[in-house]
Amino acid sequence: MVLTDALTPIVAAGYALTVGDLDGLARLPREFFDRPATEVAPDLLGCILWHASAAGLVAARLVEVEAYRGAIDPASHSFRGRTARNAVMFGPPGHAYVYFSYGMHYCVNLVCEPAGRAEAVLIRAGAVVAGAGLAGRRRYGLPDTTGSPDGVSTTDGSSQAAPPRNGARSRDLDLARGPGRLCQALGIDRSLDGADVCAPAGPLGISPPGAMDPPVATAAVTIATGPRVGISRAADRPWRYWLAGDGHVSVYRPSKPRDARPKPVSGRAAEDGTMHE
DNA sequence: TGCTCGATTACCT
DNA sequence: GGTAATCGAGCAA
């Protein structure tokens, strides 16, 4: 399924933006998130997620998200009720739910709907539009040999991430392609679990399209939808949204059983219509 | 208390 | 294309 011309201008939609006390950046207001995750998710595409830390600012334009719908969604972490890990999801909208995955990666969600509904949008991929030098160092672990300061770098996405360890995959496209990579590039970990992205003074924020990057030709943008990545339950629900044709979108992988369980012969495998690489 | 699995990624063949 | 790495949440006993 492909929706054309679907990037909703945030302001035109009637949302009054909040401006940060310290950074002066416009932020999406809490009402923006006070809706079903399946409505919030496509509207987040093109928006700028950023994290200002002592090391500097890194910001990414969102190109891929997934909606998780709480009690009505078996794939959601909150489906089985509230636990210590997912408590933030049951709180008010506009907060970050950060969890640790596969023993080595963090993933970040933005909580939607009023408290108690436990819906959220998983941020899967983005294009780094500020702080690419810092993001590259976080991702590839090299000292800063570029001489560029931390903080805001060029905004055209062409800048100077430090090259990766083996030098072969030195593509800026990979900086924040995938939920774990995005969190690493932005320096997001469990210490930001519960962070209020709508609070004017918070270190984590989300701004409308064009807040930091050159305005993208939103009128021509195509939003595609398809099944979510890597889940085994409710895998047929098309609640993944991405900017069609954008190279920063992650690779689609269906859920892979861990053990050598025989695969169902009646393979209903990849009728998803999503991007593969 | 112990075991299994996962909203992933990087590396190797 | 396949798999090791790695650890916490959740479930069963």
Side-chain angles (χ1 to χ4, degrees), chain A residues 37-38 40-41 44 49 62-90 96-112 118-126 135-136 138-142 161-171 173-186 188-193 225-242 248-263 267 269-270 272 274 276-277:
Chain A
T38 46
V40 174
L44 281 173
L49 178 67
L62 304 185
V63 301
E64 183 186 3
V65 298
E66 287 178 356
Y68 287 86
R69 302 214 56 196
I72 63 171
D73 181 5
S76 173
H77 284 182
S78 54
F79 180 70
R80 289 186 180 81
R82 181 182 181 131
T83 66
R85 177 174 72 150
N86 66 22
V88 171
M89 286 184 81
F90 288 81
Y97 163 50
V98 183
Y99 69 91
F100 191 50
S101 179
Y102 287 91
M104 61 196 81
H105 303 294
Y106 294 99
C107 299
V108 62
N109 296 248
L110 299 175
V111 176
C112 302
E119 298 198 12
V121 175
L122 169 70
I123 308 301
R124 282 200 58 88
R138 281 174 173 155
R139 286 274 289 118
Y140 305 122
L142 290 181
R165 231 164 285 147
N166 64 11
R169 304 182 190 180
S170 58
R171 298 195 350 212
L173 287 178
D174 281 341
L175 269 180
R177 181 161 66 172
R181 291 164 170 172
L182 182 137
C183 283
Q184 188 179 14
L186 268 67
I188 294 173
D189 59 23
R190 280 284 282 179
S191 69
L192 287 169
D193 185 47
T225 70
R228 295 169 292 182
V229 175
I231 58 172
S232 54
R233 293 174 291 232
D236 57 327
R237 301 183 191 181
W239 290 345
R240 174 177 173 242
Y241 306 82
W242 69 96
H248 300 87
V249 173
S250 68
V251 179
Y252 176 73
R253 293 187 194 86
S255 172
K256 185 176 66 173
R258 160 182 274 244
D259 54 355
R261 211 173 299 154
K263 295 175 182 175
D272 53 84
T274 58
H276 300 256
E277 282 189 36

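Every chain is numbered from 1 and lettered A, B, ... according to where its sequence line falls, protein lines coming before strand lines. Heavy atoms only: backbone and side chains are in, while hydrogens, waters and symmetry mates are out.
Of the N and O atoms on the side chains of A/Arg138 and A/Gln184, not one donor lies less than 3.5 Å from an acceptor on the other residue.
Relative to the side chain of A/Cys107, the nucleotides B/dT8, C/dC11, B/dA10 differ in distance, and B/dT8 lies closest. In the set B/dA10, C/dG8, B/dT8, the nucleotide with an atom closest to the side chain of A/Phe100 is C/dG8. The side chain of A/Arg181 approaches B/dA10 more closely than any other nucleotide in the set B/dA10, C/dT6, B/dA7. Closest to the side chain of A/Pro179, from the set B/dT8, B/dA10, C/dA9, is B/dT8. With B/dT9, C/dA9, B/dA7 as the candidates, the nucleotide lying closest to the side chain of A/His105 is B/dT9.
Counting only heavy atoms from C-beta outward, the side chains of A/Thr225 and A/Trp239 never approach each other to under 4.5 Å. Contact check for A/Leu192 versus A/Tyr106: no side-chain heavy atoms found under the 4.5 Å cut-off.
In this structure, A/Arg253 reaches the bases: a heavy-atom distance under 4.0 Å links it to at least one base atom across the strands shown. At the heavy-atom level, A/Arg85 lies under 4.0 Å from the strands shown only through sugar-phosphate atoms. Note on A/Ala75: a base of the nucleic acid sits closer than 4.0 angstrom, heavy atoms only.
Using cut-offs of 30° and 60° for the angle between ring planes, the A/Tyr99 and A/His77 rings count as perpendicular.
Stacking annotation: A/Tyr99 is not stacked on the base of B/dA7 (requires ring centroids less than 5.5 angstrom apart and an interplanar angle below 30 degrees). Stacking between A/Tyr102 and the base of B/dG6 is present: ring centres sit under 5.5 Å apart and the planes differ by under 30 degrees.
Remark: C/dT6 base-pairs with no nucleotide in the shown strands. Criterion, Watson-Crick or G-U wobble with two distances under 3.5 Å.
A donor-acceptor contact under 3.5 Å is formed by the side chain of A/His77 with the base of B/dA7.
For A/Arg82 and C/dG10, the CZ to P distance is 13 Å, given to the nearest whole Å.
If you take atom C1' in C/dT3 and the same atom in B/dC5, they sit 16 Å apart, rounded to whole Å.
Between A/Gly178 and A/Gly103, it is A/Gly103 whose nearest contact on DNA chain B lies nearer the 5' terminus.
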